[in-house]
Amino acid sequence: MKIVTWNVNSIRTRQQQVIEWLQTNPVDVLCLQETKVIDQDFPRSPFEELGYHTYISGQKSYNGVAIFSLSPMQDVSSGFAPILGEDKVGDFDIQKRLITGVVNDVCILNLYVPNGASVGSEKYDYKLHWLKLLQEYIKIVIDKSPNLCICGDFNIVPEDRDIHDPEGCKNSVGLSDAERQALQEILKLGLVDAFRQFTREGGHYSWWDYRAAGFRRNRGWRIDHHYLSLPLSQKATSCIIDKSPRQLPKPSDHTPVIVEF
DNA sequence: ATGGCAAGCTAAGCTTGA
């Protein structure tokens with residue numbers, strides 16, 4: 001089974017690239033982030049014609065997540081509230097950043113973690129609060145779902161080897177101690193970075209800035225991840241980053257990451 | 001040190017992204 005995470009930076013702009021990628025990579029599940037479209041305008045039919053069931057949670061202009069699955073999914077829901085309750089979640093489900101469902105006995109959680117703007121900003125505080133809610137959410141679902149795959153755009157560089165210039169970027173959002181600590185608190189619940197099961201060295205990234213020829217100079221960040229529960233991590237056979245879509249004209253700034261088990 | 005590119009919204013320039 002192959003599960004892919006890909007921040008497409010607008011599904012309507014990237015529709016043809018995603019179709020062509022799926023035609024050459026007929027994966028079981030594709031998790032998308034930054035779809036940037038309300039549900040009624042989401043281009044579902046081209047993907048349904050490829051055989052995928054589509055599950056979407058979008059909003060106008062910003063954010064938005066979707067899961068495409070060859071087999072129908074069960075227990076699909078979006079946002080924190082179905083697990084944590086409205087009172088605890090408050091306004092944190094207004095931004096569409098979480099969708100989940102179960103297929104082949106695997107629970108898939110597709111995330112678009114807030115960017116955080118800059119360290120110390122209001123959006124940064126929002127990101128840390130969002131990560132706290134995520135931790136509480138996962139604490140509940142991991143007990144019910146032995147086979148859990150949490151994937152998406154985390155907007156966090158886990159370690160210095162996951163970025164081209166850790167010193168030069170050390171004050172950037174995505175690298176702060178609080179963000180990395182929040183991620184580690186989540187992983188302590190019993191999750192493994194699938195990519196690092198197979199690849200130890202640095203120099204592997206999933207996002208490159210559009211500006212300053214980031215991709216050509218390989219000035220990248222590894223911020224798109226699959227985190228697997230222990231039973232699932234033991235079944236994993238590979239986790240690779242496919243850089244080829246990033247080389248196309250008018251690409252997303254992120255590229256797909258594929259885990260197989 | 002700063003901004004650089006791209007997308008959406010909406011009709012020129014702002015907001016967001018990481």
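Reminder, nothing fancy here: chain letters follow the sequence lines and each chain counts from 1. Computed from a prediction, not measured in an experiment: that's the story for all the values here.
A salt bridge links R196(A) with D162(A); the closest basic N to acidic carboxylate O contact falls under 4.0 Å.
Computed from coordinates, the D253(A) CG to dG17(B) C1' distance equals 7 Å when rounded to whole Å. Rounded to whole Å, the distance from CD on E34(A) to P on dA7(B) is 11 Å. dG8(B) atom C1' lies 15 Å from atom CD of Q95(A), rounded to whole Å. Atoms OH (Y126(A)) and P (dT16(B)) sit 13 Å apart, rounded to a whole Å. Nucleotide dA7(B) holds its P atom 18 Å from the CD atom of Q59(A), rounded to whole Å. Whole-Å rounding puts the R12(A) CZ to dA7(B) P distance at 12 Å. Look at OH on Y210(A): it is 13 Å from P on dC5(B), rounded to the nearest Å. Spacing between atom CD1 of I38(A) and atom P of dG8(B) amounts to 13 Å, rounded to whole angstrom units.
Counting non-hydrogen atoms under 4.0 angstrom, Y112(A) reaches the backbone sugars and phosphates but no base. Using a 4.0 Å heavy-atom criterion, one finds that D153(A) contacts the sugar-phosphate atoms exclusively. Nucleic acid contact class of S172(A) (heavy atoms, under 4.0 Å, all strands): none. Among the atoms of the strands shown, only primed sugar atoms or phosphate atoms (P, OP1, OP2) are found under 4.0 Å from some heavy atom of N7(A).
S10(A) and E34(A) share no side-chain donor-acceptor pair at under 3.5 Å. In the model, R14(A) has no side-chain atom that pairs as donor or acceptor with a side-chain atom of S252(A) under 3.5 Å.
Taking the P atoms as reference points, dT15(B) lies 15 Å from dG3(B), given to the whole Å. Straight-line distance between the C1' atoms of dA7(B) and dA11(B): roughly 16 Å, to the nearest whole Å. Taking the P atom of each, dG13(B) and dA1(B) are spaced 31 Å apart, rounded to whole Å.
With DNA chain B read from its 5' end, the first of the two nearest nucleotides for R219(A) and K123(A) is the one closest to R219(A). Place V173(A) and P251(A) on DNA chain B by their nearest nucleotides, and P251(A) ends up nearer the 5' end.
Taking Ile, Leu, Val, Met, Phe, Trp and Tyr as members and joining any whose side-chain heavy atoms lie under 4.5 Å apart, directly or through other members, the hydrophobic cluster of I56(A) also contains V4(A), W6(A), V8(A), I11(A), V18(A), I19(A), W21(A), L22(A), V27(A), L30(A), L32(A), V37(A), F42(A), F47(A), L50(A), Y52(A), F68(A), L70(A), I240(A), I258(A).
Contacts of N63(A) classified as side chain to side chain contact (heavy atoms under 4.5 Å, CB included), with partners at least two apart in sequence or in another chain: Q59(A), Q95(A), R97(A), Y112(A).
The minimum heavy-atom distance linking L228(A) with A236(A) is given by the pair CD1-CB, 4.0 Å.
Under 4.0 angstrom from either OP1 or OP2 of dA6(B) there lies no side-chain N or O belonging to K36(A). Side-chain nitrogen and oxygen atoms of S10(A) include at least one within less than 4.0 Å of the OP1 or OP2 phosphate oxygen of dG8(B).
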Taking only N/O atoms, report every protein-nucleotides 1-3 of chain B pair under 3.5 Å with atom names and distance.
none

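Both V65(A) and V259(A) are members of a single hydrophobic cluster when ILVMFWY side chains are connected at heavy-atom separations under 4.5 Å.
Classification of the W207(A)-H254(A) ring pair by plane angle, with boundaries at 30° and 60°, yields tilted.
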